[in-house]
Protein chains: 2
Amino acid sequence: MSRKLLEQNGICPVATTIDLLSSKWKVLIIRDLLPGTKRFSELKISVAGISQKMLTQSLREMEEDGLVVRQVFAVVPLRVEYSLSTLGQSMRPVIDSMADWGSFYLDKNPDKRKALLEQ
Amino acid sequence: MSRKLLEQNGICPVATTIDLLSSKWKVLIIRDLLPGTKRFSELKISVAGISQKMLTQSLREMEEDGLVVRQVFAVVPLRVEYSLSTLGQSMRPVIDSMADWGSFYLDKNPDKRKALLEQ
DNA sequence: CTGCATCCATCACGATACTG
DNA sequence: CAGTATCGTGATGGATGCAG
């Protein structure tokens, strides 16, 4: 309900951000591209658990939204690199605040951290 | 894939945050509870577009996660108020950073803002 | 008013197989 | 290596009706 969300909530800035981050994978992709350029195969590994389909799809949408830059190298085997655009880089504070809160939460709930580790 | 996300990404703080914010509705609910307590029916209106089912479901999960406090008043008609717990309040910086970025984005892309308004 | 239960449509997503 | 295409399934979420 990405676009629908915005329609119904007017032009709420929060909704706008959520809209562009529709998939949770996108947040993790940005997190992993923040340090620098990565290849498709590298992202596939660092964004643990993501399927090839979802990775491709997410990257395409993020490229359309101007968050990510795709660079293809005409070599064999093919090499494709992804990096954050200036706009993508500007999301750093958002990701950082999420990381901060997550750390805070995990510190405050060592039991949950433990529960997660034991799963 | 909420829990799965965490399993596969270890104890990444970012993933932890996303995990608790699984539904987009939850972010909007927090946004609307940040200013203060609200009744169920008020949330139903302010979180435009949300169905009763999703509102109830989201609130229940957030209550379990300790983000939201539910207070029932034994009156007729029934009155139920929701507010953010201390933990919920602590998410303010996250929501704020999203709001900041959203505003920044909309300012930079007046065309998209316009497009959204014309939909 | 606040919510739960149910039915049902849609689609997000994973698995698999194939290509430049 | 980095995709595209297809299929199948479970989860998501809306609509409706009922209840404390």
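What you see below is based on every heavy atom in this structure, not just the backbone, and it leaves out hydrogens, waters and symmetry mates. The chains referred to below are lettered A, B, ... by the order of the sequence lines, with proteins before strands, and numbering in each begins at 1.
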> Just how far, in rounded Å, is P of D:dA2 from CG of A:Leu43?
Replying inline: 9 Å
> So do the side chains of A:Ile18 and B:Leu28 get within less than 4.5 Å of each other, counting heavy atoms only?
Replying inline: yes
> Rounded to the nearest Å, what distance is computed from the CD atom of residue B:Glu63 to the C1' atom of nucleotide C:dT2?
Replying inline: 13 Å
>> Among C:dC1, C:dG14, D:dA2, which nucleotide has an atom closest to any side-chain atom of A:Lys53?
In response: C:dG14
>> Distance check needed: C:dG3 P versus B:Leu55 CG, whole Å only.
In response: 8 Å
>> Given D:dG3, D:dG14, C:dG3, identify the nucleotide with an atom nearest to the side chain of A:Val80.
In response: D:dG3
> Has A:Tyr82 got a side-chain N or O lying under 4.0 Å from the OP1 or OP2 atom of D:dC1?
Replying inline: no
> C:dG3 P sits how many Å from B:Met54 CE, rounded?
Replying inline: 14 Å
>> Within the 4.5 Å heavy-atom criterion, are A:Phe104 and B:Thr16 side-chain neighbours or not?
In response: no
>> Quick check for you: among D:dA2, C:dG3, C:dC1, whose closest atom lies nearest to any side-chain atom of B:Ser41?
In response: C:dC1
>> Students often get this wrong, so: under 4.0 angstrom with heavy atoms, is A:Phe73 touching a base, only sugar-phosphate, or nothing?
In response: nothing
> NZ of B:Lys44 versus C1' of D:dA15: gap in Å, rounded?
Replying inline: 11 Å
> Can you tell which of D:dT4, C:dC4, C:dC1 lies closest to the side chain of B:Arg39?
Replying inline: C:dC1
>> What is the distance, to the nearest angstrom, from the CD atom on A:Glu61 to the P atom on C:dC11?
In response: 14 Å
>> Nearest 0.5 Å, please: how far is CG in A:Leu59 from CZ in A:Phe40?
In response: 6.5 Å
> When you match A:Leu78 and A:Ser51 each to their closest nucleotide on DNA chain C, which lands nearer the 5' end?
Replying inline: A:Ser51
> Roughly how far apart are B:Leu21 CG and B:Met62 CE, rounded to 0.5 Å?
Replying inline: 7.0 Å
>> Rounded to whole Å, please give me the gap between CZ in B:Arg79 and C1' in C:dT2.
In response: 12 Å
>> Distance check needed: C:dC4 C1' versus B:Arg70 CZ, whole Å only.
In response: 11 Å
> Which one, C:dC1, D:dG13, D:dA2, comes nearest to the side chain of B:Pro77?
Replying inline: C:dC1
> Given side chains that start at C-beta, do those of A:Met98 and B:Met98 come closer than 4.5 Å, heavy atoms only?
Replying inline: yes
>> Regarding B:Gln52, tell me which of base, sugar-phosphate or nothing describes its non-hydrogen contacts under 4.0 Å with the strands shown.
In response: base
